[in-house]
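Here is the naming used below: chain letters follow the sequence lines, and residue numbers restart at 1 for every chain.
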Amino acid sequence: NEVSPTKQARGDSGKEPKLHRRWASSPLTRQNKQLNFRLQQSQITLFTKCAAMTPFSLSKVIKEEGGHSVSTKKKKTKEEIEAARALKVKKKEEEEKQRWRWWEEEKYEDGVKWKFLEHKGPYFPPGYQPLPDDVKFYYNGKPVKLSLPAEEVALFFAQMVDHEYTTKEVFRNNFFKDWRKEMTLEERQLIMDLNKCDFGELHAMHIKKVEARKNLSKEEKLVNKEANQKIVDEYGYCVLDHHRERIGNFKIEPPGLFRGRGDHPKQGMLKKRIQPEDVIINCSKGSRIPEPPAGHRWKEVRHDSTVTWLASWTENVQGSCKYVMLNANSKLKGEKDWEKYEVARKLKTCVDAIRAQYQEDLKSKQMGTRQRAVALYFIDKLALRAGNEKEEGETADTVGCCSLRVEHITLHDTLDGQKCVVEFDFLGKDCIRYYNKVPVTKRVFKNLKLFMENKQEGDDLFDRLNTQTLNKHLSSLMPGLTAKVFRTYNASITLQQQLKELGNMKENVAEKLLSYNRANRAVAILCNHQRAPPKTFEQSMANLQAKIDSRKEQLDLAKKELKQAKKEAKGSSDNKLLIVVEKKKKAVQRCEEQLLKMEVQATDREENKQIALSTSKLNYLDPRISVAWCKNMEVPLDKIYNKTLRDKFAWAIDMTEHDFVF
DNA sequence: TTGATGGACTCAGAAAGGTGCAG
DNA sequence: TCTGCACCTTTCTGAGTCCATCA
């Protein structure tokens with residue numbers, strides 16, 4: 001009954017057939033359908049409905065690849081086109097020249113992150129602008145002029161009234177409680193019931209502002225863009241060891257209402273405005289210390305080169321630290337990323353021994369050892385997260401492997417013709433539901449039965465285990481090994497295996513990319529990376545289908561015309577007629593190509609409906625696998641990595657040859 | 001030695017912003 | 001050529017993991 005993570009993720013398949021119709025019944029598609037079904041059945045509440053977000057999909061690729069877009073500008077001369085091309089190449093070369101090739105340099109001694117760090121400090125959001133006189137808040141039908149602090153918080157709520165959040169009781173109660181703290185005594189005495197509050201005019205004003213921003217003229221938008229760019233230029237970069245590095249989040253989070261995911265007990269609480277007096281600055285001793293905003297001072301200025309953050313503050317809702325850190329394309333982040341994949345690659349060399357060990361531990365006389373073995377089996381086979389303990393009542397009720405409770409699994413001696421099936425149903429990170437039915441070995445099954453004996457629904461499944469002891473055990477098996485590494489390892493190895501199985505050199509670029517996306521999708525399914533289906537999904541699929549239908553009609557017509565042209569040219573030596581035949585042939589060919597691309601696009605989009613590819617691409621897949629694949633398959637790298645990803649993975653792009661193996 | 005705590009970092013999906021294409 | 005819209009990219013910030021420190 002053993003199924004490898006790879007097979008688990010993709011279904012036990014061979015190669016994918018090539019045609020659209022046949023794809024619909026491919027194992028991967030079936031798996032996706034099962035996932036969709038699982039999701040529909042579960043009535044999963046994804047915390048909000050996303051507007052129109054699609055992951056990097058083939059559609060973009062196809063558009064780019066098509067590349068024959070008709071220019072709307074005046075036709076450029078050959079010289080102009082050549083000059084533009086040369087400029088682009090030069091710019092690229094220049095960029096490449098300026099890139100800090102940190103991966104070719106010696107690493108610092110342990111713990112030291114930098115020798116020199118200078119920056120301008122964080123950027124603070126603008127202060128509150130009071131409401132205009134004609135925009136009023138009403139309580140119990142009567143206008144009430146609120147004090148500025150109360151008015152600001154009222155506006156936070158008003159901006160969200162058409163969001164699902166404001167219908168939730170917990171959100172409303174938390175908001176009202178915190179709002180009342182901002183009110184004056186008189187306001188508190190008057191405003192006793194949130195249901196009697198009318199935020200209508202405030203909300204309308206907000207909508208109007210959003211609309212106005214949308215409707216700005218080209219020139220006005222440009223002015224705004226330039227102003228924003230100025231802020232980025234000033235605050236968005238730092239100097240780290242003589243190199244200019246982009247900062248990831250240089251803006252202090254503006255005040256607002258806390259938007260916890262799922263049933264977060266603190267949702268709706270007021271996230272207070274951060275002042276310079278709350279902020280700790282970190283920079284090097286000899287550097288120019290950033291100036292706090294006029295009339296303010298920093299909480300502290302420290303010079304700690306063992307950490308990577310530039311500024312930090314404590315947030316009031318959960319009491320956690322927030323940091324200003326570097327962008328993903330920086331040396332500090334890149335080095336760590338590289339290291340992460342190297343540790344995962346190292347696991348490859350000892351994973352067989354570790355698997356043998358936990359199989360053996362399933363028979364241990366020690367209950368703790370057996371629990372650890374089962375947990376490890378789940379982490380390895382299903383890519384579950386470690387599952388740290390959480391403070392009850394402080395966050396939403398989510399779990400990972402070690403924190404699973406009896407209520408989260410159901411054991412089936414037989415299910416759908418399979419023996420020893422474990423049915424998982426729990427909320428994981430970000431309140432994303434994990435639902436899966438997995439056949440396991442008899443020994444694992446027997447152990448689970450034992451762990452559940454004499455326990456209540458709410459009891460811990462692994463009562464003799466926590467993430468600390470699990471990770472301590474793992475690090476004794478391999479230095480640097482933790483539960484998380486299994487996720488990275490299994491994700492990357494799955495991608496590599498899938499690419500090997502699905503790849504076909506004879507395919508065209510669009511088909512190769514579909515294979516890549518499918519391999520990526522297998523990983524996303526394994527890691528349970530979900531997204532809310534785009535609101536416009538059904539409509540856009542219908543639009544695409546209409547286009548496909550119309551293209552099919554065109555193709556039929558083109559074929560008929562070709563047949564006719566051939567008939568007319570038959571036996572004739574008239575050159576004109578032969579030219580017509582050639583033209584018609586090309587038209588048919590063009591139609592066929594376009595139709596194929598659209599069908600590929602439709603398949604890809606359908607399969608991606610509820611799956612987020614970007615998370616695994618960004619965080620779990622060793623980029624060297626993708627770079628090597630592109631080289632081997634002769635697919636341009638920019639078809640799978642956009643500019644941001646190419647920057648983030650510059651180290652991998654530079655060092656990877658076609659023969660790289662994870 | 002163990003467990004609690006909190007600091008520092010990675011990972012996560014939603015939402016805002018930008019862009020290019022079709023009509 | 002213009003405009004609206006769908007799609008892709010970037011930003012935002014919440015939610016995890018893991019480790020050092022301390023009692």
Side-chain angles (χ1 to χ4, degrees), chain A residues 46-57 59-61 63-64 66 69-70 72-74 111 113 163 210 213-214 218 221 224-225 228 248-254 256 258-262 264 266-267 271 282 304 306-309 312 314-315 317-323 325-328 332-333 336-337 340 385-391 394-396 398-400 402-403 428-432 466-472 474-475 480 482-485 487-488 527-532 534-537 539-540 543-544 547 601 605 612 614-616 618-620 642-645:
Chain A
L46 285 166
F47 112 99
T48 50
K49 299 293 172 204
C50 162
M53 190 190 105
T54 51
F56 179 70
S57 70
S59 54
K60 155 96 177 165
V61 162
K63 272 177 222 157
E64 281 178 353
S69 62
V70 183
T72 54
K73 287 168 195 161
K74 260 188 192 171
K113 304 285 169 37
H163 201 289
V210 171
R213 205 167 48 224
K214 259 190 219 165
K218 242 184 190 175
K221 278 185 182 165
N224 282 349
K225 201 176 168 183
N228 283 333
N249 58 322
F250 59 90
K251 288 178 178 169
I252 294 277
E253 291 172 20
F258 179 73
R259 303 179 175 212
R261 311 255 164 98
H264 199 294
K266 295 191 172 183
Q267 59 181 295
K271 233 178 84 167
N282 192 31
D304 184 355
T306 67
V307 294
T308 64
W309 53 267
S312 76
T314 304
E315 152 282 338
V317 176
Q318 317 209 75
S320 61
C321 285
K322 296 271 186 176
Y323 300 95
M325 286 186 184
L326 294 187
N327 189 269
L332 290 180
K333 296 285 182 190
K336 248 334 209 1
D337 218 27
K340 174 179 77 183
R385 294 187 187 84
N388 281 321
E389 281 165 82
K390 296 167 78 186
E391 221 174 315
E394 289 293 300
T395 56
T398 61
V399 295
C402 292
S403 50
K429 185 179 180 181
D430 291 321
C431 286
I432 299 293
N466 60 39
T467 52
Q468 289 94 326
T469 54
L470 177 67
N471 280 338
K472 206 175 161 194
L474 290 174
S475 71
T482 63
K484 189 165 88 82
V485 179
R487 243 167 111 79
T488 313
C527 294
N528 200 37
H529 291 145
Q530 297 180 23
R531 62 171 185 152
K535 271 181 189 168
T536 53
F537 184 82
Q539 187 54 51
S540 81
N543 291 349
L544 188 56
K547 273 189 200 172
Q601 190 181 0
R605 206 187 284 178
S614 51
T615 309
S616 48
L618 212 60
N619 302 302
Y620 288 103
N642 63 28
K643 177 83 170 75
T644 312
L645 286 172

Closest-nucleotide ordering on DNA chain B, the 5'-leading residue of C321(A) and S616(A): C321(A)
More 5' along DNA chain B: R213(A) or T306(A), using each one's nearest nucleotide? T306(A)
When all nucleic acid strands are considered with a 4.0 Å heavy-atom cut-off, which category describes [X]: base, sugar-phosphate, or nothing?
X       : answer
K643(A) : nothing
N388(A) : base
G400(A) : nothing
K271(A) : sugar-phosphate
K221(A) : nothing
G428(A) : sugar-phosphate
S320(A) : nothing
A483(A) : sugar-phosphate
S312(A) : nothing

Of the candidate nucleotides [options], which contains the atom at the shortest distance from the side chain of [X]?
X       : options                   : answer
F258(A) : dT17(C), dG14(C), dA8(B)  : dG14(C)
Q318(A) : dA15(C), dG13(B), dC9(B)  : dA15(C)
K322(A) : dC18(C), dG14(C), dC12(C) : dG14(C)
D430(A) : dT13(C), dC12(C), dG13(B) : dG13(B)
K336(A) : dC9(B), dG7(B), dG14(C)   : dC9(B)
D337(A) : dT10(B), dC9(B), dC11(B)  : dC11(B)
A612(A) : dC9(B), dT10(B), dG13(B)  : dG13(B)

[N] phosphate, OP1 or OP2: any side-chain N/O from [X] under 4.0 angstrom?
X       : N       : answer
T482(A) : dT17(C) : no
R261(A) : dC12(C) : no
T615(A) : dG13(B) : yes
K484(A) : dC18(C) : no
Y620(A) : dA12(B) : yes
H264(A) : dA15(C) : yes
N642(A) : dT9(C)  : yes
H163(A) : dA15(B) : yes
K214(A) : dG17(B) : no

Once you measure the plane-to-plane angle for W309(A) and Y323(A), does it fall in the parallel (<30°), tilted (30-60°) or perpendicular (>60°) bin? tilted
Atom [atom1] of [X] and atom [atom2] of [N]: how far apart are they, to the nearest Å?
X       : N       : atom1 : atom2 : result
E389(A) : dC18(C) : CD    : P     : 14 Å
L618(A) : dC9(B)  : CG    : P     : 19 Å
I252(A) : dT11(C) : CD1   : P     : 17 Å
E315(A) : dG14(C) : CD    : P     : 6 Å

On a plain distance test, is the side chain of K429(A) in donor-acceptor contact with the base of dC11(B) below 3.5 Å? yes
Can you work out whether L645(A) or K390(A) has the more 5'-proximal nearest nucleotide on DNA chain C? L645(A)
Nearest heavy atom decides the nucleotide; on that basis, is V399(A) or N249(A) closer to the 5' end of DNA chain C? N249(A)
With each end axis built from five pairs of C1' atoms, what bend angle do you get for the helix from dT2(B)-dA23(C) to dG23(B)-dC2(C)? Round to 10°. 0°
Find out whether Q318(A) and E394(A) are in side-chain contact, i.e. whether some heavy atom of one side chain is under 4.5 Å from a heavy atom of the other. no
Min side-chain heavy-atom separation L470(A)-C402(A) under 4.5 Å: yes
So which heavy atom on A483(A) is nearest to which on N471(A), and how close? N-OD1, 2.9 Å
Kindly say whether T308(A) contributes a backbone atom to a donor-acceptor pair with the side chain of N282(A) at under 3.5 angstrom? no
